[in-house]
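These notes concern the structure reproduced below.
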Amino acid sequence: MLIQSGQNLVLNASRLTLTLHYPPAPGFKGDTDTVLFLLDAAGKVGGDSDFIFYNQPSTPNRSVVLGTEAQGSSVSVDLSLIAPTVSKIALALVIDGAGSVAGLSSLRLTVPGVASFEPETRGRNEKALIVAEIYRHGGNWKLRALGQGFNGGLEPLARNYGVDVASPAAASSAPTPTPTPTPTPTPTPTPTPTPTVSLEKKLAEKAPRLVSLAKNATISLSKHRLNDIQARVAFVLDASGSMTQQFKRGNVQAVLDRIAVLAVQFDDDGAMDVWGFAERHAKYPDVTLDNLDGYIEVIRSSSKRGWLELLPGLGGTNNEPPVMEEIVDTFRHSDLPVYVVFITDGGISKTRQIKEAIRRSANYPIFWKFVGLGGSNYGILENLDNFSDRRVDNTNFFAIDDFASMSSERLYDLLLEEFRQWYDAAKADRIF
């Protein structure tokens, strides 16, 4: 039965499956997500566990479980397990990106054996839509079709339902990372020359899924005269809330995979230092070919995350200078050049502090490759060529609007651009 906005029905079963289908129209710019809120009589969540979304897909007792499907989602609800303090469950759709609800070609909610509902999407500029509610009434549970638009997207919608956005969910339970002590520098011994082993062969032994990347990486290494370079490699990851879609699409792990290939080429042991940052920062275990598979998900699951946190304990906003200063202190005495790949989706505002960290690092064997990933407002990073107040030019920046559409050949060319020029200039200036 197809019901209309405002219509309600009694639910006779305690276990329900709700499916949402929301295919995008051509040219849609954004990502669509399903979220749910378990609300008390005042229309507010009782706590963090009452907010169900991509980072927290179920309640602790699995009374509500959210799953993703192609161009849609499914929600399993067991009403017999819903806490008596919950009066209503709101089901909503949110758009992340430039698009709005009008960018969906259609929207359909289906509750098998109960009803279906098709809210109108044409001509709507809202970035969130409260699709339906399941609520208590007269000793029964009922379903109400809504299709009510809500401006602003996920964050204002969450605030409306009482989610504490200012303090990320579980800020009290998610541990603040203990600052990583700056390691006592240990001079790296000059390596003894060893017989050359091809990059492809190195990967085939421990990470055969990466072998296909070896050819493009090798071509770019040769083009940029980097085949014979030895260097340490570090990966720095923006984990602020705006990076959510890059994590969800697997782009962060995919970029890490590609940098790991370069680490195998540049460093004898193929190990790569890894930092994550948002409002705070943390140092994570080195990446190697032995732990590369699923690395990002492992560090994401290391402890409980707040609702706006992509990595536990780091908060939801971006703050680049502290992690940059720690990296400078970590590598300032390195006997090998250090190639730092710094991933961010923008929102760069701390220009003076970032320039100071770069200026200081230019006295040491540190080269920064800043990579913009699907974002905007890269600030000073887009104007590094004009930053001349430093010992040598030790930075380069490029942006990737759509990671999925960029070939590995093009990516490696951009990743390696200007590294050799810095290497030659730093060596001539006896920086290492």
Side-chain angles (χ1 to χ4, degrees), residues 179-191 221 224-226 228-238 259-260 262-263 265-277 281-287 319-344 348 350-371 378-398 415-432:
T180 307
T182 301
T184 302
T186 302
T188 305
T190 302
L221 285 161
H224 292 278
R225 300 184 297 115
L226 293 167
D228 58 344
I229 296 296
Q230 283 192 302
R232 296 183 65 175
V233 179
F235 185 79
V236 188
L237 171 62
D238 182 351
I259 306 304
L262 295 180
Q265 171 68 25
F266 286 144
D267 198 337
D268 281 345
D269 63 7
M272 177 165 53
D273 295 84
V274 178
W275 278 266
F277 77 93
H281 66 276
K283 178 83 162 58
Y284 298 103
D286 289 0
V287 166
N319 182 22
E320 300 82 11
V323 69
M324 294 179 68
E325 293 289 355
E326 181 170 305
I327 288 166
V328 176
D329 290 335
T330 299
F331 294 122
R332 59 184 295 186
H333 296 294
S334 176
D335 287 344
L336 287 175
V338 184
Y339 174 74
V340 182
V341 179
F342 194 109
I343 305 295
T344 177
I348 306 296
K350 296 178 171 63
T351 301
R352 182 181 61 78
Q353 298 97 315
I354 291 173
K355 288 174 72 173
E356 181 54 37
I358 292 173
R359 180 186 294 109
R360 190 163 76 92
S361 71
N363 297 305
Y364 308 120
I366 301 170
F367 177 82
W368 303 87
K369 173 65 69 168
F370 293 102
V371 181
Y378 296 114
I380 179 60
L381 303 186
E382 295 185 277
N383 298 294
L384 290 171
D385 288 341
N386 300 323
F387 179 29
S388 57
D389 184 19
R390 48 181 160 161
R391 184 170 173 180
V392 294
D393 182 349
N394 63 334
T395 57
N396 183 246
F397 167 83
F398 70 93
L415 283 170
L416 296 174
E417 193 172 51
E418 294 195 19
F419 184 37
R420 181 72 201 208
Q421 289 91 323
W422 166 81
Y423 179 92
D424 290 341
K427 197 166 187 178
D429 203 13
R430 298 185 179 180
I431 290 175
F432 62 89

Original post:
Between Arg232 and Phe331, is there a donor-acceptor pair closer than 3.5 Å when you use the side chain of the first and the backbone of the second?
Top reply: no

**OP:** Verify, without hydrogens or angle tests, whether Asn386 (side chain) and Ser388 (backbone) share a donor-acceptor contact under 3.5 angstrom.
**Re:** no

Subject >> Beyond-backbone contact of Ile327 with Trp368, side-chain heavy atoms, under 4.5 angstrom >> reply: yes

**OP:** Could you walk me through whether Val371 and Leu415 pass the side chain to side chain contact (heavy atoms under 4.5 Å, CB included) test, one step at a time?
**Re:** CA-CA 8 Å; Val371 181; Leu415 283 170; 4.1 Å; yes

Original post:
Taking the six-membered ring for Trp, is the centroid-to-centroid distance between Tyr423 and Phe432 below 6.0 Å?
Top reply: yes

**OP:** Only one of Arg359, Arg352, Arg360, Lys355 passes salt bridge (Lys or Arg N to Asp or Glu O under 4.0 Å) with Asp389; say which it is.
**Re:** Arg359

Original post:
So, the side chain of Lys369 versus the backbone of Phe398: is there a donor-acceptor pair under 3.5 Å, distance only?
Top reply: no

Original post:
Under 3.5 Å, side chain of Arg390 to main-chain N/O of Ile358, donor-acceptor pair present?
Top reply: no

Subject >> Parallel, tilted or perpendicular, as decided by the 30° and 60° cut-offs, for the rings of Tyr339 and Phe266 >> reply: perpendicular

**OP:** Would you please name every residue forming a ring-ring contact (aromatic ring centres under 6.0 Å, His included) with Tyr364, sequence neighbours left out?
**Re:** none

Subject >> Worked check of side chain to side chain contact (heavy atoms under 4.5 Å, CB included) between Leu221 and Ile229 >> reply: CA-CA 9 Å; Leu221 285 161; Ile229 296 296; over 6 Å; no

Original post:
Hey, does Thr330 have a side-chain heavy atom less than 4.5 Å from the side chain of Trp275?
Top reply: yes

Original post:
Can you check whether Asn383 reaches Asp385 side chain to side chain, under 4.5 Å on heavy atoms?
Top reply: no

Subject >> Full working for side chain to side chain contact (heavy atoms under 4.5 Å, CB included) between Thr395 and Phe367 >> reply: CA-CA 6 Å; Thr395 57; Phe367 177 82; 5.8 Å; no

